[in-house]
Amino acid sequence: MFNNVAVAAAHARSALGCERVLIVDWDAHHGNGTQDIFWAEPDVMFFDIHRAAPFYPGSGHLEEVGAGLAEGTTINVPLPAGAGDEAYLKAFRDILAPAAAWFKPDIILVSAGFDPHWHDLALNVSYEGFGALTGFMQQLAEQHCGGRLVFVLEGGYNLESLANGTRAVLAVLAGNTVPVPDTCGIAEVQAAADFHRTAFESE
Ligand SMILES: [Zn+2]
C-alpha cells in the first residue's frame with residue numbers, strides 16, 4: 001500500500017524543484033498516515049480537517065502540531081458530526097489561509113475525500129460545498145504558487161456522492177462558476193426575507 005499524496009509530495013520536492021509542499025486533507029477521517037510521515041518535516045505543511053475523535057481513527061486532536069523544527073506545520077481541525085459547508089469554509093478562511101500565507105507553499109496537494117458528504121459520514125458537506133472548497137483552493141494556489149494545485153482522490157463509500165462530489169470538483173477546475181455553498185436553513189431564511197420584502201414593498 002502506498003500513501004499517494006505523500007509520494008506526490010516527496011516527488012514534488014525531489015524531482016520538481018518544489019521546496020515547500022502544502023497538503024490539505026478534507027477527507028472525513030483524520031489522515032494519520034500522512035501526519036506521521038511529515039510529523040518532523042518542516043518543509044511539508046499538513047492541514048487536516050476531519051470528524052473528531054472518537055470517530056475513526058481517533059487521532060487529529062488540536063494539540064497534534066508536529067515536532068522539532070516542524071512544530072506548527074501540522075494543523076488539525078477536528079469537527080463535530082454534521083458540521084456542514086460553512087464550518088469547512090470558515091476553517092479554510094480563518095485557519096488555512098493565514099497558515100498558507102505564513103508557509104508560502106510552492107505547490108498545494110489536496111487529499112480530496114468525499115465521505116464528508118451527508119450521504120456518507122455525516123459531516124454534512126454538500127456538492128456545492130465541495131465546489132466552493134475547490135474554488136477556495138484555486139484562489140489559494142493562485143495567491144501563493146502560480147496556481148499549482150493537485151487533487152488526489154481519497155475516501156468515499158457512497159458511490160453516488162463519491163461520483164457527484166468528484167464531478168463538483170472537476171466542474172470548478174474546468175472553469176465553471178464556483179457554487180454558493182449550502183447552508184443549513186439558508187433557503188428558509190431567504191424565503192422569509194423575500195416574503196417580508198414583498199410585504200414591505202406592497203405597502
Ligand atoms: Zn475517509
Side-chain angles (χ1 to χ4, degrees), residues 1-10 21-39 41 44-66 73-93 95-96 99-100 107-138 140 149-173 179 181-182 184:
M1 281 215 268
F2 297 97
N3 181 325
N4 292 320
V5 82
V7 171
V21 180
L22 169 61
I23 300 174
V24 174
D25 185 331
W26 79 38
D27 190 278
H29 300 93
H30 177 236
N32 54 348
T34 309
Q35 174 169 297
D36 282 354
I37 291 166
F38 300 115
W39 183 248
E41 172 50 74
V44 177
M45 173 174 273
F46 180 54
F47 174 93
D48 194 305
I49 183 166
H50 54 272
R51 188 166 158 187
F55 190 72
Y56 185 85
S59 52
H61 299 273
L62 282 175
E63 297 76 18
E64 295 168 30
V65 296
T73 58
T74 291
I75 301 166
N76 281 296
V77 184
L79 295 180
D85 293 350
E86 267 307 321
Y88 259 70
L89 281 164
K90 185 170 173 54
F92 276 38
R93 280 193 301 263
I95 306 170
L96 175 59
I107 189 169
I108 303 176
L109 312 179
V110 182
S111 273
F114 294 93
D115 45 14
H117 189 266
W118 52 268
H119 274 170
D120 218 324
L121 291 169
L123 272 162
N124 216 25
V125 173
S126 69
Y127 300 131
E128 290 77 12
F130 287 122
L133 293 172
T134 304
F136 187 97
M137 293 310 307
Q138 270 183 321
L140 205 63
L149 177 65
V150 177
F151 283 77
V152 179
L153 183 61
E154 304 281 9
Y157 305 90
N158 179 295
L159 295 184
E160 191 187 328
S161 48
L162 176 60
N164 287 327
T166 304
R167 186 180 187 282
V169 168
L170 293 177
V172 172
L173 292 179
D182 181 34
C184 287

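As a basis for the values below, the full set of heavy atoms in this structure was taken, side chains included, without hydrogen atoms, waters or symmetry mates. We count ligands from 1, going down the list as the structure has it; atoms in each ligand are counted the same way. Since the structure is predicted, the reported quantities are computational estimates derived from the model, not experimental observations.
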**OP:** Kindly write out the residues that satisfy salt bridge (Lys or Arg N to Asp or Glu O under 4.0 Å) with E41, not counting sequence neighbours, or none if the list is empty.
**Re:**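 Testing E41 for salt bridge (Lys or Arg N to Asp or Glu O under 4.0 Å), a comparison that skips the adjacent residues, returns R13.
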**OP:** Output all residues satisfying salt bridge (Lys or Arg N to Asp or Glu O under 4.0 Å) with R167, sequence neighbours left out; order by chain, then residue number.
**Re:**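 Result, salt bridge (Lys or Arg N to Asp or Glu O under 4.0 Å) vs R167: none returned.
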When you measure from the Zn ion (ligand 1) to each N, O or S atom of [X], which atom gives the shortest distance?
{"X": "D115", "value": "OD2"}
{"X": "H29", "value": "ND1"}
{"X": "D27", "value": "OD1"}

Original post:
If you round to the nearest 0.5 Å, how far is CG of N32 from OH of Y56?
Top reply: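 Result: 6.5 Å between the selected atoms.
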Original post:
Without hydrogens or angle criteria, can the side chains of Q35 and T74 be said to hold a donor-acceptor pair below 3.5 Å?
Top reply: no
